[in-house]
Amino acid sequence: MNKMLVRFGDSDPGMTPSTNRPVYGREIHVSTIMTAMRNHKLVLGLAVLAALGVGFVYLQTTPALYRASAEVMIGEEIPGVGDAQNRGGLAQNDILLESAQRVLTSQQIALAVVDDLDLHNNASFMQPPQPLLREAVQGLRGLIGAVLPGSAPPGVEDVSFEELDRLERMSAADALTGDIEVRREGRSSVFTIRYASADPALAAAVVNAYGRAIVSDQMIGNVAASARVLDWLQERLSIIQDNAMTAALEAEEFRAASGLLAIAGESITAQTIAQLNNDLGAATVQLARLRAQNSVYAELRALDPAAFVQAGAPAVGIPDAGFTAGQQRLQGLVRRAEQIESQYGPDHAEVVQLRAQIETEGRSLQRELQTLHETSLYAARALETEAGMLRESIAEAATENLRLAQAQVELRALERQAEVFDALNETYLLRLKDLEQTQTFPVTNVRVLSVADIPENPFAPRKSLVLAFMMILGMMAGTAIALIRDGAEKFIRTKEDLRNTTGKPFLGYLPLLSPAEMVGTAIPMNRERRLDIATDKRETFRFPFPAMRFPLSHFTETLRNIRVHSDTAANNKPGYVLGVVSVRASEGKSTVAANLAALIASGGRSVLLIDADLRTSGLSKMMHKVMGIGLREVLLGREKWQAAVRQEASTGLHLLPSTFPSSDPIAGDLAGSPEFRDVIREASKSYSFTVVDLSPLGPVSDARALLPVIDGLVMVVEWNKMTRELLEEVLSRDPILYDKLLGVAFNKTSMESITRYGSIEEQERYGYGNDEIKVSA
């Protein structure tokens, strides 16, 4: 999808594209589809009719099909599938029933049905009627195969009658397997068997034969499967019993060889480790106490006798009777000395004698403390040695316990293996007894719930569904063709297309005017009054502007919208110059320029309308002002531009006409001359608004030459005549032109036809009265 709608390019690298232009994308909306369908209703109708015709042909050439159905119920046990397995709930049952569904659609069941009904010799089954379309395709394939070299079918070798019959049976079984439909009903164990055929009796016979074949197959399968399972169980049971005995012997031998002895359910090694840990804990506590006591002994032993007494040694708790008795004597002496000293003073003789005794007793206690300290150190060393030996013993016991633990794990594995074999032995014994008891009573777990009746009404083809589908298909095809054709027509019709193509504001729709509506009853030239220019009175005339005659029309309202955009762009600038331009000739820009200027002038502002399309003088011809003094005389320097100005009497609009004849060779040169730009520049100083009817942009470059004196541009595009490519190409030539472009308006719009491409919004209808201009077909 091309996101850039307009690309600017120039040989001059200094000219860069405008950055003010937004980028739009193109999308297909529902309204676009509806518009294409409305525009190409004939194509859409023909596509629907063609599709319905194909549907009728299909219904007439397709044989009717009849469908018969029957229901069977299958139990949980499937012979050969679920007999020797434990049921595992709903999930396991679903797996078994899915397996049963595969059995129902197997080739074995199909062969049983073929043999029951002799289907391989039934022409209705082997060669059913085909739709005409399929026969045509097959005939075309055969024709292509006959024409192409090397595609001929190989020759049939000679085969025996038995082999040929077997091949036909297998072919019929394969065809039946592909056509039969077996469907499980929800989560139940009920299966619906359906078969469709052009022969209703054959359809019912096939379905009923399927039910019989399934019951027979299940009953035979029960007996055969039971016999196979019984033989297998007997063989397997013998092997399991041998394995169980072998596993039990291996476990006992390993127990004896590994020395896995236990007392009261716990191994001897574990009990030994526990006892050693207890002994180690007790030794550690006792060692900590001795070390704390030795620390106290060492501190007291290092003091002198006086400091020893002052430090409180008499009150220290020492676990020794002799030391305790010495402490008591020393304490008694200290109290006696303090008592006498407090009564008689420190120099008393008894005090001096008591202090000497205290010192002697302190030395005696220190010697005893030394002896106790040495004894405690020996005891601590003995405990340290004992703790170390206990740790070594624990490490040795732990290593042994690890070995025994590993052996215990291996023993448990052997015991579990023996237990598994014992459990298997019990299970297989019980299953063997069950099979021996039920082998002589073959009972099928399949039950036919309903049989098929011969269907009376066909189920296919469904006429209403086929015709509805073909109608929808035809509408889709017709819509696709309409979109393709609509896309191939690249004309711009809607405001969205115009905005997306130009990137500029949409100014409105200007309806298509008839010639009578454009000019009405103009005043003949011979009735105009020519005033004397010397008296500074301009030549006056009257012109029936449609915008003045129909003030409430869509045409006039769009011009008002253009006037609002122009006033906004002017921003109160005096002498604003507005150019009206188109891409091609005959798009109606002159009519728009004249009516826009008249509308602005009717509001009381001074407005000058300049016919700058010098090659055709279309505006001047429309207003019958191609005679007398005009731009030709002004640009050739023969007259002042003020002398060429005419005045419209009803609106006060001033007109500067073009008096160039159509074949004037100098018109193109003067259109881009500096003199013309000077005239416009000087005129803008005398008028508040100057409207310039420019030449079309596509054929000539006259309008681009006047861009330096143009303040803003309004582009007029003829509705349903302009292509996107042409408009993009013209706008991309000059970025200055694009930057000055205020907006784009549709002209010559068919207001009746535009509703096929889009709707006129409500705000665009607001305020219109009975003066609406009648549009031309």
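This structure is a prediction, so every number in the text was calculated from the model and none was measured.
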Atom CZ in F543, atom CE in M622: separation rounded to 0.5 Å?
4.5 Å
Can you find a heavy atom in the side chain of V626 that is under 4.5 Å from one in the side chain of S620?
yes
Indicate yes or no: at least one non-hydrogen side-chain atom of L727 is less than 4.5 angstrom from one of L498.
yes
Can you find a pair of side-chain heavy atoms, one from F676 and one from V634, that are under 4.5 Å apart?
no
What's the verdict on side chain to side chain contact (heavy atoms under 4.5 Å, CB included) for S602 and F545, showing C-alpha distance, side-chain angles and the deciding distance?
CA-CA 11 Å; S602 65; F545 296 101; over 6 Å; no
Measure across A644 and G630 and return the closest heavy-atom pair with its distance rounded to 0.1 Å.
CB-CA, 3.8 Å
What's the spacing between D693 CG and L596 CG if we round to 0.5 Å?
11.0 Å
Any idea which heavy atoms bring A745 and L507 closest together, and the distance?
CB-CB, 4.0 Å
Tell me, with the steps shown, if T558 and V592 meet side chain to side chain contact (heavy atoms under 4.5 Å, CB included).
CA-CA 10 Å; T558 301; V592 174; over 6 Å; no
Under 3.5 Å, is there a donor-acceptor pair between the side chain of S617 and the main chain of F660?
yes
With the side chain counted from C-beta on, respond yes when W641 and S686 share a heavy-atom pair under 4.5 Å apart, and no when they do not.
yes
Without swapping roles, check the side chain of D664 against the backbone of I666 for a donor-acceptor pair under 3.5 Å.
yes
For S695 and V700 the tightest heavy-atom approach is CB-CG2, 3.8 Å
For Y687, the ring-ring contact (aromatic ring centres under 6.0 Å, His included) test, sequence neighbours excluded, returns H654
May I ask you to decide if S688's main-chain N or O and S606's side chain share a donor-acceptor pair within less than 3.5 Å?
yes
For R605, does the CZ atom sit with more than 12 other heavy atoms under 6.0 Å from it, leaving out its own atoms?
yes
Measuring from atom OH of Y509 to atom CE of M751, what distance do you get when rounded to the nearest 0.5 angstrom?
7.5 Å
Go through E557 and R560 one step at a time and tell me if the salt bridge (Lys or Arg N to Asp or Glu O under 4.0 Å) criterion holds.
CA-CA 5 Å; E557 192 62 33; R560 290 192 181 100; 3.0 Å; yes
Side chain to side chain contact (heavy atoms under 4.5 Å, CB included) between K504 and Y738, intermediate numbers included
CA-CA 9 Å; K504 290 294 183 177; Y738 183 80; 3.6 Å; yes
Checking side-chain polar atoms at under 3.5 Å, does K621 have a donor or acceptor matched by the opposite partner on S662?
yes
Can you find a pair of side-chain heavy atoms, one from H565 and one from P505, that are under 4.5 Å apart?
yes
Measure the spacing between CE of M722 and CZ of R493 and express it to the nearest 0.5 Å.
14.0 Å
For A64 and P461, which heavy atoms make the closest approach, and how far apart are they?
CA-CD, 4.2 Å
Would you say D711's side chain and V577's backbone share a donor-acceptor pair under 3.5 angstrom?
yes
One pair to check against side chain to side chain contact (heavy atoms under 4.5 Å, CB included): S566 and I562. What are the steps and the verdict?
CA-CA 6 Å; S566 304; I562 296 175; 4.2 Å; yes
Could you grab the distance from atom CG of D613 to atom NZ of K589, nearest 0.5 Å is fine?
4.0 Å
List the atom of V581, the atom of A703, and the distance in Å for their closest heavy-atom pair.
CG2-CB, 4.3 Å
Is the shortest heavy-atom distance from the side chain of E648 to the side chain of L609 under 4.5 Å?
no
Just by modelled atom types, is the R704 backbone N or O under 3.5 Å from a matching donor or acceptor in the S701 side chain?
no
Determine whether more than 12 heavy atoms belonging to other residues, nucleotides or ligands lie under 6.0 Å from atom CE of M548.
yes
Between K625 and D611 (salt bridge meaning N to carboxylate O under 4.0 Å), is one present in this structure?
no
Does any non-hydrogen side-chain atom of L635 lie less than 4.5 Å from one of L614?
yes
More than 12 heavy atoms of other residues, nucleotides or ligands under 6.0 Å from CZ of F459: yes or no?
yes
Heavy-atom donor-acceptor pair, R724 side chain to I492 backbone, under 3.5 Å
no
Is the NZ atom of K740 crowded by more than 12 outside heavy atoms at less than 6.0 Å?
yes
Partner of L510 under side-chain contact (heavy atoms from CB on, under 4.5 Å), picked from T591, T556, N747, N595, is N747
From L578 atom CG to L713 atom CG, the distance as rounded to the nearest 0.5 Å:
7.5 Å
Kindly say whether V679 contributes a backbone atom to a donor-acceptor pair with the side chain of E682 at under 3.5 angstrom?
no
What closest approach, in Å, do Y576 and A569 show between heavy atoms, and which atom pair accounts for it?
OH-CB, 3.5 Å
Heavy-atom donor-acceptor pair, S732 side chain to E729 backbone, under 3.5 Å:
yes
Do I600 and D567 touch side chain to side chain, with heavy atoms closer than 4.5 Å?
no
Closer than 3.5 angstrom, by distance alone: can the side chain of S582 be matched with the main-chain N or O of P696 as a donor-acceptor pair?
no
For E587, does its backbone N or O pair with a side-chain atom of K721 as donor and acceptor, under 3.5 Å?
no
